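Below: the structure, in structure tokens.
As the structure is a prediction and not an experimental result, all values here were calculated from the model. Numbered from 1 within each chain, the chains take letters A, B, ... in sequence-line order.
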Amino acid sequence: MLTEGLVVVHERLGEEAQRLMKLVLKGPIAKTAQAGQFVAVRVQDPTLASYDPLLRRPISLAEISPESDEITLLYRVVGKGTEILARARCGDRLSIMGPLGRGFSLPEDGELWLIAGGIGIFPLYPLAQRALAKGLSVRLFWGGDNQTFLESAGLSEWQALGIPIHLSTMDGSLGQKGLVTVQVLGLLWEFNGKVENSGQTMDGKLYVATCGPHKMMQAVTELCMNSGVPVEVSLEERMGCAVGACLGCVCTLKDEAGTLIHKKVCQDGPVFRGEEVVWDVSC
Amino acid sequence: MLTEGLVVVHERLGEEAQRLMKLVLKGPIAKTAQAGQFVAVRVQDPTLASYDPLLRRPISLAEISPESDEITLLYRVVGKGTEILARARCGDRLSIMGPLGRGFSLPEDGELWLIAGGIGIFPLYPLAQRALAKGLSVRLFWGGDNQTFLESAGLSEWQALGIPIHLSTMDGSLGQKGLVTVQVLGLLWEFNGKVENSGQTMDGKLYVATCGPHKMMQAVTELCMNSGVPVEVSLEERMGCAVGACLGCVCTLKDEAGTLIHKKVCQDGPVFRGEEVVWDVSC
Amino acid sequence: MCPVDSTTELAGITLRNPILTCSGTYGFGEEYTAYCPLEALGGITLKGITPLPRLGNPVPRLAETPAGLLNAVGLENPGLEEFLSSYLPKVRKLPTAVIANISGFSLEDYTQMARALRRDSGLAALEVNISCPNVKHGGMHFGTDPQSAEDVIAAVKAETDLPIIAKLSPNVTDIVEMARAVQRGGADAVSLINTLLGMSIDLDRQRPVLANTFGGLSGPAIRPVAVRMVWQVYQAIDLPIIGMGGITTWQDAVEFLLAGATAVSVGTGNFVNPQAPLEILKGIQGYCEKHGIASVRELVGLAHKS
Amino acid sequence: MCPVDSTTELAGITLRNPILTCSGTYGFGEEYTAYCPLEALGGITLKGITPLPRLGNPVPRLAETPAGLLNAVGLENPGLEEFLSSYLPKVRKLPTAVIANISGFSLEDYTQMARALRRDSGLAALEVNISCPNVKHGGMHFGTDPQSAEDVIAAVKAETDLPIIAKLSPNVTDIVEMARAVQRGGADAVSLINTLLGMSIDLDRQRPVLANTFGGLSGPAIRPVAVRMVWQVYQAIDLPIIGMGGITTWQDAVEFLLAGATAVSVGTGNFVNPQAPLEILKGIQGYCEKHGIASVRELVGLAHKS
Ligand SMILES: Cc1cc2nc3c(=O)[nH]c(=O)nc-3n(C[C@H](O)[C@H](O)[C@H](O)COP(=O)(O)OP(=O)(O)OC[C@H]3O[C@@H](n4cnc5c(N)ncnc54)[C@H](O)[C@@H]3O)c2cc1C
Ligand SMILES: Cc1cc2nc3c(=O)[nH]c(=O)nc-3n(C[C@H](O)[C@H](O)[C@H](O)COP(=O)(O)OP(=O)(O)OC[C@H]3O[C@@H](n4cnc5c(N)ncnc54)[C@H](O)[C@@H]3O)c2cc1C
Ligand SMILES: Cc1cc2nc3c(=O)[nH]c(=O)nc-3n(C[C@H](O)[C@H](O)[C@H](O)COP(=O)(O)O)c2cc1C
Ligand SMILES: Cc1cc2nc3c(=O)[nH]c(=O)nc-3n(C[C@H](O)[C@H](O)[C@H](O)COP(=O)(O)O)c2cc1C
Ligand code: FES
Ligand code: FES
């Protein structure tokens with residue numbers, strides 16, 4: 001769907017040096033969007049025939065409010081495209097393609113662990129909301145550079161959900177010092193122990209959804225696979241068309257027969273089952 | 001000189017459909033600028049590495065206020081560059097090269113006729129101001145499409161100068177219907193008559209400065225040359241460097257020996273003596 | 001005033017209008033249907049296929065440049081067999097003219113595909129992409145050597161009764177020589193242009209951005225080169241031209257028509273605005289109305305005449 | 001940390017830093033002094049001269065395109081004699097290395113100028129622009145035929161003791177072949193790239209925008225093509241390369257250095273930002289500091305190695 005989103009909120013998120021922005025757009029797509037899906041935003045006024053930057057920018061849905069027809073995009077200003085996007089003002093209209101791709105699946109019951117690295121947290125929030133609404137128990141693991149980042153990127157909103165939260169920072173300024181995967185590993189053991197003690201199988205009980213740096217998601221996937229926990233990962237790749245037409249954004253997966261195949265992050269993903277992803281590829 | 005101009009006023013000029021804008025910039029260049037000179041404006045925020053549109057846009061100085069360090073640019077939104085420029089807001093900073101080129105000369109005494117076609121009126125206003133300040137008598141001939149255009153493009157400011165004004169419109173909605181040159185011709189005859197009757201030569205008495213469409217300036221130049229009246233014209237050409245380095249903007253002149261030569265509109269002009277301009281060129 | 005006649009003819013095919021989409025940017029026809037109804041288009045060109053399936057190049061495959069896009073997809077495609085069994089049955093039912101695009105690394109690659117893709121396939125035409133290296137001849141490119149280009153077109157022509165569109169590479173000293181060569185080979189039309197060879201470097205990694213080092217440059221950046229080639233070929237030979245390279249707005253499309261293109265094709269422009277083809281059609285019609293032109297066919301090559 | 005060493009060497013000339021300006025975009029050295037002090041530059045390249053004065057093409061000579069600029073100045077210049085009498089005395093006093101640029105329409109054109117421009121002229125080097133048609137040989141371009149390119153460089157080399165920089169046209173099938181040809185001819189360095197041939201059409205007038213129909217495309221749009229050619233030539237031959245084509249920011253310049261350019265030259269970028277050369281120099285130094293690199297010379301070709 002190609003629509004115009006009316007900018008209703010556009011403001012800095014947290015501390016200035018974090019370069020994070022919150023953009024709320026009014027438009028029809030909130031009605032059909034799933035957590036984990038994304039939109040492709042034309043960063044310039046669509047009436048301007050200016051083609052530098054040329055391509056749309058993919059941004060995840062960080063909040064989906066069908067009642068108010070609003071979607072929220074949270075993004076970091078990293079280059080030309082986001083720099084220009086950050087200049088859009090309330091009342092401007094942005095050209096939006098979406099909702100795009102395949103989002104996270106929502107388990108029927110059991111426990112859902114969300115494991116986020118850095119701004120990989122953003123697409124997980126609507127997933128948490130929907131999982132909680134469905135009555136699942138939700139737990140968050142989130143690693144970032146430091147306390148300022150975590151607080152800027154929406155920690156208080158997460159705390160407001162009332163779920164258990166495990167934080168890690170690289171500098172130890174908040175939560176545990178080090179990688180988020182260390183905490184995940186610890187709790188996974190605990191959980192495994194509990195499951196074993198109760199005599200239940202893990203199957204159908206614990207689910208993991210992760211978004212963050214490639215290496216982190218790879219590590220999380222390995223942990224989960226070792227414990228037999230189903231894990232979904234949200235991949236990132238440079239996009240051209242964002243609808244599956246250009247083959248610019250492929251990732252490598254292994255099909256059931258073990259053959260390497262390509263899938264399109266934009267259309268078949270961005271969310272994939274962790275175990276099918278081939279993490280270290282050169283084809 | 002390369003400077004940043006702080007946008008202090010940026011607003012529509014007159015009726016919306018005329019697509020005219022008034023832009024006042026604060027910066028040091030007002031101190032040194034002459035009427036008829038121009039600036040080369042980077043239409044985008046200079047901190048953005050976006051190169052479409054690529055080139056700066058030449059815009060004449062429509063008001064020069066050394067006391068307040070302000071220059072005024074009046075422009076029509078005609079394409080991509082001016083479209084983007086029109087989005088600059090108060091408080092923004094624009095990158096400006098200038099003052100550029102050679103402006104109109106200010107006669108020592110006598111009468112100065114300003115002959116404008118359309119938005120060619122803009123660079124003539126500071127000339128009128130300075131001529132009046134010097135005690136010259138100034139008269140304006142101005143042709144435009146219709147009354148709405150003339151009123152939008154600043155007629156009342158001209159009227160406030162208290163000088164004789166002869167208006168023409170193509171549709172007759174204000175002033176005389178038809179080309180401005182018809183009125184010029186009429187008054188030129190009258191003036192010639194007066195001069196002849198008084199036994200004086202015209203030399204050193206009447207000067208003409210004109211800016212507008214090529215064909216109009218050509219006709220004005222012919223009228224003036226026939227009457228021996230010195231005339232200065234302000235040429236327009238597409239510009240690359242705006243400082244004389246690229247030879248993109250040449251016009252063809254005849255030197256004293258009658259040889260065709262090229263001069264640079266950006267550096268040797270935009271103002272030239274009418275009689276040296278070769279109006280119908282193909283080299 | 002009567003509505004502008006938008007139909008056009010190209011290599012014996014009648015098109016509803018002169019707006020096509022470029023190979024490799026429009027998938028196999030279904031990806032953009034939510035954005036742009038196919039029945040509004042003159043036709044679509046499918047992703048390039050090869051005899052065998054190809055996984056293509058590793059990622060990153062894309063890099064943005066000023067007003068341009070570098071791509072190094074590496075001809076990822078399902079291969080001829082899978083195309084015939086899984087894709088063709090669907091694409092032949094699409095409500096617009098469908099042009100297949102074939103690529104190869106040897107003469108036999110091309111003839112094998114041409115033999116399988118004939119009029120009874122339901123396709124409207126075959127676009128022959130000759131920009132790949134000829135692995136049997138030391139990597140020399142079909143698309144840069146006139147004799148190889150002529151040979152490959154002649155060989156394809158002999159195997160299929162579909163109209164043949166030769167898609168030329170702009171990475172040559174003399175595009176007119178290449179156009180003459182494919183005309184001699186029997187091409188019914190030429191597509192101008194494929195991408196310009198380019199690259200960019202990642203300053204942090206100090207390595208080429210694209211895994212493949214080089215990529216093809218497309219988008220508005222290359223439009224002036226494409227228009228120039230259309231202009232030159234229009235002056236030199238009589239074949240109809242499909243103009244492409246950076247077309248994003250109707251103004252861009254009219255530029256190509258005036259330069260001598262019979263039809264235009266939108267590639268990278270779809271990524272920017274997935275409704276670009278629709279808006280381009282409307283814009284061309286408006287332009288004709290404004291200039292009192294009754295048929296889009298009258299625009300073709302007009303800038304050479306007036 | 002010690003300050004970054006910005007000096008570099010090119011074809012036997014020592015340059016204060018690797019930032020030059022492109023022929024035809026920087027006049028004869030005085031036009032930009034109010035914006036960019038010449039003593040901050042590694043050197044400047046003068047507008048191309050020919051044996052006889054030329055008025056060049058009619059206007060319009062310029063047309064803007066997405067992230068690009070088409071120009072058809074047509075080599076307007078005062079001619080050799082006037083250059084020697086009126087310009088050379090001034091330019092030889094400029095506080096930076098000055099490279100003259102010569103163009104011609106026959107071999108004799110080039111040799112005549114080379115004879116007049118020797119070390120005692122005070123110039124640092126001679127850049128030989130071989131992109132013009134050779135009128136004595138039916139308009140065939142020196143810049144697209146390897147043998148002609150080799151011949152013209154050899155002829156120039158024989159007439160002057162100045163270092164020779166061969167400036168290559170990108171409008172060729174194989175840039176490496178052209179680079180090899182000028183190396184055989186005795187070039188001491190190559191400049192890559194001149195403009196891409198392009199055109200645009202005015203929709204209102206339904207005629208080409210440029211009076212000359214065709215023009216040369218420069219600016220950020222062509223950077224990916226230029227970087228690719230620098231990369232290819234760096235891999236193939238040993239001559240130092242002056243990289244140019246769309247350089248506007250320090251990031252662009254570093255891209256060229258990493259691809260293999262020994263020096264970079266700013267052309268159209270000056271029009272956008274007349275202080276671009278200064279900012280580029282500062283940016284390159286900052287990049288070196290950040291990456292712990294002691295000399296800009298170490299950046300040259302780094303992306304091939306790491
Ligand atoms: C499905 C998806 C969802 C995303 N969701 C979000 C989000 O919610 N919030 C957010 O801040 N960002 C998100 N991103 C990343 C975002 O798209 C990029 O940060 C943005 O495109 C950068 O544009 P730019 O012009 O500012 O930077 P550029 O100048 O284009 O690039 C800046 C840097 O980022 C790199 N880069 C650019 N695009 C990509 C890419 N697609 N993948 C990997 N590296 C890239 C460049 O190489 C460069 O180093 C998402 C990306 C994808 C694919
Ligand atoms: C010395 C000088 C002073 C000027 N002063 C003013 C002024 O005070 N107010 C004002 O409104 N305009 C003035 N102009 C004209 C102004 O520069 C152009 O209108 C502007 O550059 C158009 O930019 P754009 O991107 O909006 O339009 P574009 O998209 O670049 O062009 C729109 C149309 O204008 C034509 N065009 C663009 N630039 C030129 C040019 N330099 N000469 C002739 N045709 C051109 C194009 O072909 C096209 O038809 C002046 C021009 C010069 C050379
Ligand atoms: C991602 C991508 C993939 C492409 N794949 C093909 C292809 O398979 N076969 C082909 O002939 N051209 C291919 N092209 C070239 C386009 O069809 C077209 O010639 C070129 O992109 C110029 O047009 P544009 O600037 O409108 O994109 C591809 C282009 C892009 C951007
Ligand atoms: C207006 C203009 C005039 C030029 N004149 C010459 C010339 O006289 N001789 C020459 O060798 N190159 C000439 N060039 C080419 C430039 O030197 C340079 O190779 C090209 O513009 C690419 O660099 P850029 O993109 O940084 O401008 C000219 C370029 C422009 C834009
Ligand atoms: S971005 Fe085009 S296929 Fe995914
Ligand atoms: S614009 Fe470059 S010389 Fe005038």
Selection from C:Pro224, C:Gly215, C:Gly246 maximising heavy-atom pairs under 4.5 Å formed with chain D: C:Pro224
Given that the side chain runs from C-beta out, which part of C:Leu203 has a heavy atom under 4.5 Å from chain D: side chain, backbone, both or neither? both
Looking only at D:Leu299, D:Leu217, D:Ile222, the option with the highest number of non-hydrogen pairs under 4.5 Å against chain C is D:Leu217
Given heavy-atom pairs under 4.5 angstrom as the criterion, report whether the side chain, backbone, both or neither of C:Thr213 touches chain D. side chain
Of the listed C:Glu255, C:Arg223, C:Gln251, the one with the largest count of heavy-atom pairs under 4.5 Å with chain D is C:Glu255
Under a 4.5 Å heavy-atom cut-off, does chain D meet the side chain of C:Asp204, its backbone, both or neither? both
Going from OG1 on D:Thr173 to CD1 on C:Ile175, what distance comes out if it is rounded to the nearest 0.5 angstrom? 9.0 Å
As an exercise: rank D:Pro66, D:Ala67, D:Ala221 by heavy-atom pairs under 4.5 Å with chain C and give me the winner. D:Pro66
If you take all heavy atoms of C:Pro208 and D:Ala303, which pair is closest and at what distance? CD-O, 4.1 Å
At a heavy-atom distance under 4.5 Å, which candidate from C:Phe256, C:Tyr287, C:Phe214, C:Trp231 has the highest pair count against chain D? C:Trp231
Might you point out which heavy atoms bring C:Asn171 and D:Arg228 nearest each other, and give the distance in Å? OD1-NH2, 4.0 Å
Under 4.5 Å to a heavy atom of chain D? For C:Leu258 that would be both
Check each atom of D:Leu197 against the heavy atoms of chain C and say whether the ones under 4.5 Å are side chain, backbone, both or neither. both
